[in-house]
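So you know, we letter chains A, B, ... as the sequences are listed, proteins then strands, and number each from 1. The structure presented is a predicted model; accordingly, all values stated were derived computationally and were not measured.
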Amino acid sequence: GAVVSQHPSWVICKSGTSVKIECRSLDFQATTMFWYRQFPKQSLMLMATSNEGSKATYEQGVEKDKFLINHASLTLSTLTVTSAHPEDSSFYICSASFGKVPGGGADTQYFGPGTRLTVL
Amino acid sequence: AQKITQTQPGMFVQEKEAVTLDCTYDTSDPSYGLFWYKQPSSGEMIFLIYQGSYDQQNATEGRYSLNFQKARKSANLVISASQLGDSAMYFCAMRAPRGGYQKVTFGTGTKLQVIP
């Protein structure tokens with residue numbers, strides 16, 4: 001259980017174009033979805049948190065108008081990189097979480113396989 | 001501020017031996033969760049184990065166990081009977097409330113290599 005898919009797994013695009021990445025929770029309803037960015041050999045950097053039906057909460061330094069996030073349903077969130085530039089080339093990973101863990105702790109995030117974006 | 005520290009950029013372990021990956025954290029919130037994820041070269045993040053701040057016992061999942069020492073703010077991952085397939089990057093993460101929602105902070109990771 002708790003499977004998250006991402007599409008596409010990789011994409012190459014020209015500078016100036018927009019790219020949409022889909023994140024789906026396949027066997028559960030995700031209350032919250034997260035988008036991360038990972039540079040080679042570095043840790044994950046949280047870009048934004050989104051709840052179904054509400055606007056995404058962006059981390060400091062992440063451009064809202066450049067990285068558009070739409071959480072259309074409890075199983076689908078999309079990240080659109082608008083007017084992509086070579087510096088946007090990176091590995092983008094989404095994750096989804098559902099419910100709370102007994103005992104009051106935070107709930108677990110399940111990650112998609114990631115999307116490798118290369119902007120020429 | 002939330003902070004996760006992994007001080008071991010790389011580790012080697014002999015196959016079938018046990019290995020401990022270190023993780024320390026810092027948060028002022030009493031309610032938080034600690035996670036370990038494995039990232040193979042394929043890039044996917046695989047959830048391994050979870051420890052809640054109020055959990056009385058250390059979490060275990062098969063060959064993985066989390067050595068949770070709350071007073072020291074450490075959450076080390078112990079992998080017993082290492083296998084070649086365990087070679088990967090391992091990330092420690094903490095989730096704690098911030099501004100009405102949960103935020104996850106990841107450590108910088110430890111690259112584990114299992115030697116045959």
For [X], I'd like to know if atom [atom1] has over 12 heavy atoms of other residues, nucleotides or ligands within 6.0 Å.
X        : atom1 : result
A:Lys66  : NZ    : yes
B:Lys111 : NZ    : no
B:Lys16  : NZ    : no

Same apolar cluster: [X] and [Y], side chain cutoff 4.5 Å:
X       : Y       : result
B:Leu21 : B:Leu34 : yes
B:Tyr50 : B:Val78 : no
A:Leu79 : A:Leu74 : no
A:Ile21 : A:Leu76 : no

Which value, rounded to the nearest 0.5 Å, describes the distance between [X] atom [atom1] and [Y] atom [atom2]?
X       : Y       : atom1 : atom2 : answer
A:Ser43 : B:Tyr37 : OG    : OH    : 12.0 Å
A:Ser9  : B:Glu44 : OG    : CD    : 12.0 Å
B:Phe91 : A:Gln38 : CZ    : CD    : 5.0 Å

Which pair of heavy atoms, one from B:Phe35 and one from A:Gln109, lies closest together, and at what distance? CE2-N, 4.4 Å
Could you tell me which non-hydrogen atom of A:Leu46 sits nearest to which non-hydrogen atom of B:Val104, and how far apart they are? CD2-O, 4.4 Å
Examine whether an atom of A:Ile93 lies under 4.5 Å from a heavy atom of chain B, and if so say whether it belongs to the side chain, the backbone or both; otherwise answer neither.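 Only the side chain of A:Ile93 comes within 4.5 Å of chain B.
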What part of B:Gln39 lies closer than 4.5 angstrom to a heavy atom of chain A: side chain, backbone, both or neither? side chain
Is the B:Phe47-A:Phe111 ring centre distance short of 6.0 angstrom?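 Centroid separation for B:Phe47 and A:Phe111: 6.0 Å or greater.
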Go through it in stages, so that I can follow the logic: the residues are A:Tyr36 and B:Met45, the test is side chain to side chain contact (heavy atoms under 4.5 Å, CB included), and I'd like the CA-CA distance, side-chain angles, deciding distance and then a yes or no. CA-CA 11 Å; A:Tyr36 294 86; B:Met45 293 285 283; over 6 Å; no
